[in-house]
S.K.: 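What follows is a single structure, and I will ask about it in a moment.
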Amino acid sequence: MVVAALLAAALAQAYVQQVTLPKRGLEKRAMAAGISRYAVIAHRGASYLAPEETAPAYLLARDMGADYLEADIQRTKDGVLIAFHSQAVGETTNAAQVFPGREKDPVDAFTLAELKRLDAGTWFNAAHPRRARPAYAGVQILTLDELLTIAEAGPQRPALYLETKSPERFPGVERDLVERLRQRGWLGKFAVSGQAKVIFQSFRPESLARLRELAPDVPRVRLFGSRLFDRAAWNAMTREVTGTDQGIGPTAYLCWPWNVATAHRAGLLIHPYTVNEIWQFRILAFLGAGDGFFTDRCDNLLRFYNRPVLDSPERILARNGY
Ligand code: G3P
Ligand code: CA
């Protein structure tokens, strides 16, 4: 009882502290960096409704009106950048059938031609029968180029939120990424909105430092996970990032009001991952951690921010042959 009362008092005090923080500095920093406030970040696309990081997931997110298409960038054996999250290729593909014995291998053990033979959708149908669609069977792993083409092709112009995933496996991936984005005209800002076309994100500070050298004007967000009450780790990370990157992407359960206050006081935007339900957005926003969210359910987040869902999933999927 006493412990609960003390915890409630500490939460209340920290909450009051963070809500009374001046937010105008943050607004200005977000605007200067070209980061949307409040950011709807479609985590691996609309990955609640379609297989993660595949064409239908990104088409859904784009046409429903997400601000950002999030993707994990890895590199194939023959040097092609792809959007793919898993460390083991067989986690979200049928690699066990197509390449028996290689299903636990990472993407850099496969050429692009090999990866393109894989079905990246049937696992989703099996895992989520209520959201399954026959047309998801056989969808392919996407290259970065294909993702850019999707982002460029619709009525909406979402930005990209690209993570260098396990960059230690892919020496030079930052250079490859920046060069490809430059060649495709994806560095810089959208003329109309002034939003940066790309945000970089990574758990690895050295990867963000490399990206900063190569493309200093592209905003960067440091991803972060740690133990539930490890305030020292949070504070150390905040100090490292302050003045270098524009924001942090913590796992959502770390967004205690005292942590939020420390980061906001340092002028850092906070984009928690991965938050899907409206009640969860509500709690995190109440705690001050609502500068934007990584979400598998961008339609829920749009509703939470009182923004329209621009088109229905059914119509989007039908229009695109899914
Ligand atoms: O990039 C934000 C969040 O996606 C980090 O976790 O494992 O989903 O890439 P993960
Ligand atoms: Ca990610």
Side-chain angles (χ1 to χ4, degrees), residues 35-36 38-54 57-58 61 66-75 81-89 91-93 106-108 120 123-124 127-128 141-144 147 151 158-170 173-174 177 181 196 198-208 211 218-228 233-234 237 241 245-255 263 268-277 280-281 284 289-298 300-301:
I35 298 177
S36 303
Y38 296 88
V40 176
I41 307 158
H43 180 246
R44 311 183 198 170
S47 56
Y48 178 81
L49 292 173
E52 62 183 47
E53 311 209 26
T54 65
Y58 287 121
D67 299 312
Y68 295 96
L69 307 184
E70 195 263 352
D72 300 290
I73 301 300
Q74 302 196 61
R75 195 172 60 198
L81 298 180
I82 59 170
F84 194 73
H85 177 267
S86 305
Q87 299 299 303
V89 165
E91 271 175 41
T92 50
T93 71
V107 295
D108 48 317
W123 73 271
F124 179 92
H128 307 292
I141 291 172
L142 283 182
T143 63
L144 171 66
L147 172 60
L160 296 176
Y161 206 127
L162 302 178
E163 177 181 351
T164 47
K165 179 59 87 189
S166 309
E168 65 284 358
R169 292 195 64 82
F170 309 105
V173 69
E174 295 85 6
L177 178 57
L181 291 171
V198 175
I199 297 177
F200 291 136
Q201 45 158 341
S202 187
F203 284 100
R204 302 286 181 177
E206 57 281 5
S207 186
L208 287 180
L211 290 163
V218 174
R220 292 164 306 279
V221 166
R222 168 85 164 270
L223 300 173
F224 181 70
S226 83
R227 290 191 309 276
L228 192 58
W234 177 283
M237 176 275 300
V241 170
D245 303 325
Q246 286 71 24
I248 55 175
T251 189
Y253 62 70
L254 296 178
C255 292
L268 296 164
L269 296 166
I270 303 176
H271 293 163
Y273 70 89
T274 302
V275 189
N276 292 330
E277 305 298 336
Q280 297 167 332
F281 299 132
L284 284 158
D291 300 322
F293 295 97
F294 291 92
T295 180
D296 301 335
R297 306 189 70 172
C298 55
N300 275 356
L301 183 52

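Worth saying up front: this structure is predicted, and the values here are computed from it rather than measured. Read the numbers this way: they start at 1 and go in the same order the structure lists the ligands and their atoms.
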S.K.: Can you tell me how far the OG atom of S207 sits from the CD1 atom of I73, to the nearest 0.5 Å?
M.R.: 11.5 Å
S.K.: Can you report which non-hydrogen protein atom sits closest to atom 2 (C) of ligand 1, along with the distance?
M.R.: Q201 OE1, 3.4 Å
S.K.: Taking the six-membered ring of F200, is NZ or CZ of R220 closer than 6.0 Å to its centre and within 45° of its axis?
M.R.: no
S.K.: Show the atoms of ligand 1 that are less than 4.0 angstrom away from any heavy atom in K165.
M.R.: 7 (O), 9 (O), 10 (P)
S.K.: Would you call D108 and R75 a salt bridge, taking side-chain N to carboxylate O under 4.0 Å as the test?
M.R.: no
S.K.: Got a second to check how far T295's OG1 is from E277's CD, nearest 0.5 Å?
M.R.: 8.5 Å
S.K.: CG/L268 to CD1/I248 distance, rounded to the nearest 0.5 angstrom?
M.R.: 6.0 Å
S.K.: So how far is it from Q74 CD to S166 OG, rounded to the nearest 0.5 Å?
M.R.: 6.0 Å
S.K.: Out of R222, H271, E70, K165, which one pairs with Q201 under the side-chain contact (heavy atoms from CB on, under 4.5 Å) rule?
M.R.: E70
S.K.: Check each atom of ligand 1 against the heavy atoms of H85 and keep those under 4.0 Å away; list them by number with element.
M.R.: 7 (O), 8 (O), 9 (O), 10 (P)
S.K.: Using heavy-atom distances only, which candidate in H43, E163, H271 approaches atom 4 (O) of ligand 1 most closely?
M.R.: H43
S.K.: Would a distance-only check, ignoring hydrogens and angles, find a side-chain to backbone donor-acceptor pair under 3.5 Å from E52 to S47?
M.R.: no
S.K.: Ring centroids only, cut at 6.0 angstrom: are F294 and Y161 within range, meaning strictly under it?
M.R.: yes
S.K.: Which of the atoms in ligand 1, numbered in the order shown and given with their element, are less than 4.0 Å from a heavy-atom of R44?
M.R.: 7 (O), 8 (O), 10 (P)
S.K.: Does only the side chain of D72 get under 4.0 Å from ligand 1, or the backbone, or both, or neither? Count heavy atoms.
M.R.: side chain
S.K.: Give me the protein N, O or S atoms that fall under 3.0 Å of the Ca ion (ligand 2), sorted by chain and residue number.
M.R.: E70 OE2, D72 OD1, E163 OE1
S.K.: Would you please determine whether T274 falls within less than 4.0 Å of ligand 1 on a heavy-atom basis?
M.R.: no
S.K.: Taking the six-membered ring for Trp and the single ring otherwise, decide whether the centroids of F281 and F293 are under 6.0 Å apart.
M.R.: yes
S.K.: With atom 5 (C) of ligand 1 as the reference point, say which of F294, F203, F224 has the nearest heavy atom.
M.R.: F203
